[in-house]
Amino acid sequence: MKLNFKRVFFLIGFWLSLQGQAQNPLVTHRFSADPTARVMNDTLFVFPSSDTTCAQIKGNNGFCMPDYHVYSTTDLTTWKDHGEILSHNTVPWVEENSYGMWAPDCIEKDGKYYFYFPAMPKDKSAFRRIGVAVADTPTGPYTPENSYIEGIEGIDPNVFIDDDGSIFLYFGGGENLFFVELNQDMKSIKTKPQKVQGLPSKYKEGPFVFKRNDKYYFTFPHAPGPAEEISYAVGDSPRGPFEYKGKVLEHWKDGCWTNHHSFVEYKNEWLLFYHHMDISGNKHRRSMCADRIFFDENGDIPEIKATQRGIAKLFAKDPIQLDKYSVLENATVVKTDAPEPNWVVKRISNKTKLTINDINFEKSKFEQIALFVSATQKAQIDVFANSKKIAEISVPKMKEGEWRAIKAPLEFTPKGMQNLSFKFSRDTEFLSLDWMQCLTKNQVLLSKSYDVELFNHLNQRIVWEGSKGKVYSLKEFQALTPHLLEENKQQADLHINGKKVVSLDDVKKGDVISFSSDKSRKIYNAFDGIEAVNFSDQEGVMVEACKLGGKNVGYIENGDYLIFNNLKFHHVPQKVTIGVATPNTGGVVEIRKENLDGELIASINIQKTGGWQNWSSVTENVSSEIKDNEKIYLVFKGSKGFLMNIKDVRFE
């Protein structure tokens, strides 16, 4: 088709990669682990470590960590990256290119800022030594001492200054954690290392101490089970002993073994900072997150659930990610393959509960609500503000994989802080949600499209100001109409208010505009084989680098599955072969037709192959006819824990 676009100038906006919105993860342009949060000069600073990918790992345990950045916020929403403050190659006593700059801490005393860090020493005197660098501002520049702190060795330094001026340095990883008192110079020890008393057994690291209501809270990552949970103990002295109270945050169940944290009070709220592998799906490339915590009347910390909602302030006038939920039941969140980190809500049913709390509608008079959605069947979404219905949104039928911005009028305009909830009806099986935004009467929304590029009249690619789109007045939009290059026009559809059109000539106030790819879905010959990562859809699995090259499907647990709606069968298959790797035994791959509980056409028992990347092919007979273009499910069954990795599927 031909799109009749006006070729006029379109202002180019730039998204600053040194800033991000504080929904979890807090920053997405770099990997950042082990976050220590501190309030300094009415600003919240976070001092994390940095995960990177090295051509040749020289760190330890697969972690490649060369330097430190510092981030700041004053609104818990927008974060600024102040750049590198220290590197393994800028510290005199650290081994060059050692990639071993693990969890740090920073604290202010008498107008100076002291940054503590563990690193691999040139003199090989220990696994890690702890050093200090000093600056006049939280963001540096930091000047490292010529040598490490004598008399201690270990990881994960944490400094606490008590009300009487006593200074404590906590550190270590293993069955025991330790502390020393520091001299007032902040650079030398006053006492010999002592064990922290009263903590439970099993591996511990990452101590972080704070004081509240005359009680000292000793918090730490603890691994009594398959991965680290964030736990805490309470005492009457920073020297201990401490009484173990329990966990604050449960361990990850997706293969991320580590967690590392800090607690901070900022603007009368208590926050827990921690990390997870949200963006990468790789336990060695983590991203820092944060959630609110609370204290009960006894001063205990009730356990919280990690959220993707995070700590950001949300405004109805801005795009709001629907996957950054406060409550989500009977649905799931899946990372997309968009060029920038993005997640969507999928597996929606009539039983799905989705709520996003604390959205500020201010005093604006919104008249429209827009959603960015994908659906292969017609569906309906009812939106409620504090339990009162504000909109009924009709979702049109679309092509598989297509996304559109759609809208509906608001029945009334909420004011102030509101909790938004969503109710779903009609055919929701393949409904997916990305983001929403509220609009006033005079606004026009030009939606971001992940697979379509827009250009100005000089044929310069438009760089979007945000990750979702931009709102204009009608007059502004008429002066800023974008266009597609000629070679892209045949592969893109234009939609206004969710309906396909061929021209932007008649855009009116309140319209929502989006582009979507019209490229056909890639179809694979089932007899040539298909890489497992080329599934149409999935539940529960993750994708990782494969030793054989390319990628494989991993982190598979009981009940997870893959869907292939993109296979071409030229004749009836007799056998099916899958490439599998696992150190375990007892898992089963069920191959079914059309749906999760559909006809069983093969059941493949998986035995040990010798490791997660030791690959073997397993073949089984196909017991039923498969017609061309039938949907194929690979359903994984087994005991607790990760079952296997899958590389490819081939019929014969």
Side-chain angles (χ1 to χ4, degrees), residues 30-36 46-71 81-106 113-135 139-159 169-174 177-178 180 186-189 193 203-207 221 228 256-260 275 277 280 282-288 545:
R30 303 185 82 250
F31 294 116
S32 52
D34 312 315
T36 294
V46 180
F47 300 85
S49 57
S50 298
D51 284 345
T52 58
T53 302
C54 298
Q56 183 177 359
I57 296 291
K58 293 186 178 181
N60 299 107
N61 302 332
F63 293 99
C64 185
M65 305 169 72
D67 55 27
Y68 300 103
H69 283 224
V70 58
Y71 303 83
D81 181 351
H82 296 275
E84 181 184 298
I85 59 172
L86 206 67
S87 164
H88 56 181
N89 291 332
T90 60
V91 181
W93 60 268
V94 172
E95 181 180 345
E96 186 177 4
N97 294 328
S98 53
Y99 296 95
M101 309 297 271
W102 286 7
D105 190 10
C106 189
Y113 297 86
Y114 297 85
F115 184 80
Y116 296 84
F117 58 96
M120 302 168 67
K122 288 179 179 177
D123 62 14
K124 312 293 184 182
S125 59
F127 172 68
R128 288 290 191 285
R129 291 286 193 175
I130 294 173
V132 60
V134 187
T139 57
Y142 282 86
T143 302
E145 295 295 299
N146 289 325
S147 186
Y148 47 74
I149 300 174
E150 294 286 353
I152 57 173
E153 59 183 71
I155 63 173
D156 301 347
N158 166 244
V159 177
L169 174 63
Y170 303 88
F171 60 95
L177 298 175
F178 300 88
V180 295
M186 304 289 285
K187 304 174 185 178
S188 60
I189 64 173
Y203 185 84
K204 299 173 287 293
E205 60 180 343
E228 289 185 339
C256 186
W257 191 87
T258 66
N259 206 342
H260 195 111
H275 69 230
M277 57 183 192
S280 69
N282 185 315
K283 63 184 178 181
H284 298 126
R285 292 193 291 278
R286 301 153 296 178
S287 299
M288 63 181 183

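Here, residue 1 is the first one in the sequence, and each next residue gets the next number.
- Lys187 pairs by the side chain to side chain donor-acceptor pair (under 3.5 Å) definition with Glu145, not counting sequence neighbours.
- Looking at Ser280, its side chain does come within 3.5 Å of a backbone N or O of Arg285 through a donor-acceptor pair.
- Pairing each heavy atom of Ile155 with each of Gly173, the nearest pair is CG1-N, 4.0 Å.
- Distance check, rounded to the nearest 0.5 Å: OG1 of Thr258 to NZ of Lys283 gives 9.5 Å.
- Considering every non-hydrogen atom in both Pro118 and Ala103, the closest pair reads CD-O, 3.1 Å.
- Other residues, nucleotides and ligands place more than 12 heavy atoms under 6.0 Å from the CG atom of Asp123.
- Note that CG of Asn60 and CZ of Phe127 are 4.0 Å apart. Values are rounded to the nearest 0.5 Å.
- Side-chain atoms of Arg128 come within 3.5 Å of backbone atoms of Gly100 as a donor-acceptor pair (strictly under, hydrogens ignored).
- For the pair Asn282 and Met277, the minimum side-chain heavy-atom distance is 4.5 Å or more.
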Next item on the list: Could you check Ile152 against Phe178 for side chain to side chain contact (heavy atoms under 4.5 Å, CB included), going step by step and ending with a plain yes or no?
Entry: CA-CA 9 Å; Ile152 57 173; Phe178 300 88; over 6 Å; no
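- For the pair Ile189/Leu169, no side-chain contact is recorded, criterion being any heavy-atom separation below 4.5 Å from C-beta on.
- Closest non-hydrogen pair, Pro104 versus Ser49, comes out as CD-N, 3.9 Å.
- Ile130 CD1 to Phe171 CZ: the interatomic distance, rounded to the nearest 0.5 Å, is 6.0 Å.
- Not counting sequence neighbours, the partners of Glu95 by the salt bridge (Lys or Arg N to Asp or Glu O under 4.0 Å) test are Lys124.
- The shortest distance between side-chain heavy atoms of Tyr142 and Thr90 does not fall below 4.5 Å.
- Contact record, Pro48 with Ala33: CB-O, 3.0 Å, taken as the closest heavy-atom pair.
- A search for salt bridge (Lys or Arg N to Asp or Glu O under 4.0 Å) contacts involving Arg30 returns Asp67, not counting sequence neighbours.
- Remark: the backbone N or O of Arg286 is paired with a side-chain donor or acceptor of Asp51 at under 3.5 angstrom.
- Counting heavy atoms from C-beta outward, Thr139 and Ile85 have side chains that stay 4.5 Å or more apart.
- No side-chain donor-acceptor contact under 3.5 Å links His260 to the backbone of Thr36.
- The shortest side-chain heavy-atom distance between Pro35 and Tyr71 does not fall under the 4.5 Å cut-off.
- Remark: Arg129 fails to qualify as a cation-pi partner of Trp93 under the 6.0 Å distance and 45° angle criteria applied to the six-membered ring.
- With values rounded to the nearest 0.5 angstrom, Lys122 atom NZ is found 10.0 Å from Ser98 atom OG.
- For Tyr68, the ring-ring contact (aromatic ring centres under 6.0 Å, His included) partners two or more places apart in sequence, or in a different chain, are Phe115.
- In this structure, Tyr116 and Ile149 have side chains that are in contact, with non-hydrogen atoms separated by less than 4.5 Å.
- Side-chain atoms of Trp102 and Met65, non-hydrogen and from C-beta on, do get closer than 4.5 Å to each other.
- Residues satisfying the side chain to side chain donor-acceptor pair (under 3.5 Å) test with Asp105, not counting sequence neighbours, are Arg38, Asn158.
- Partner Pro144 forms a side chain to side chain contact (heavy atoms under 4.5 Å, CB included) with one of Leu86, Val132, Val94 and no other, that one being Leu86.
- Judged by distance alone, with hydrogens and angles left aside, the side-chain atoms of Lys204 form no donor-acceptor pair with the main-chain N or O of Gly172 at under 3.5 Å.
- Within the 4.5 Å cutoff, side-chain heavy atoms of Tyr114 are placed close to those of Val134.
- Under a 3.5 Å cut-off, the side chain of Asn61 and the backbone N or O of Phe63 do not form any donor-acceptor pair.
- Between Ser125 and Glu153 the shortest heavy-atom distance is O-OE1, 4.4 Å.
- Every residue two or more places apart in sequence or in another chain was checked for a ring-ring contact (aromatic ring centres under 6.0 Å, His included) with Tyr113, and none qualifies.
- Ser50 and His69 share no side-chain donor-acceptor pair at under 3.5 Å.
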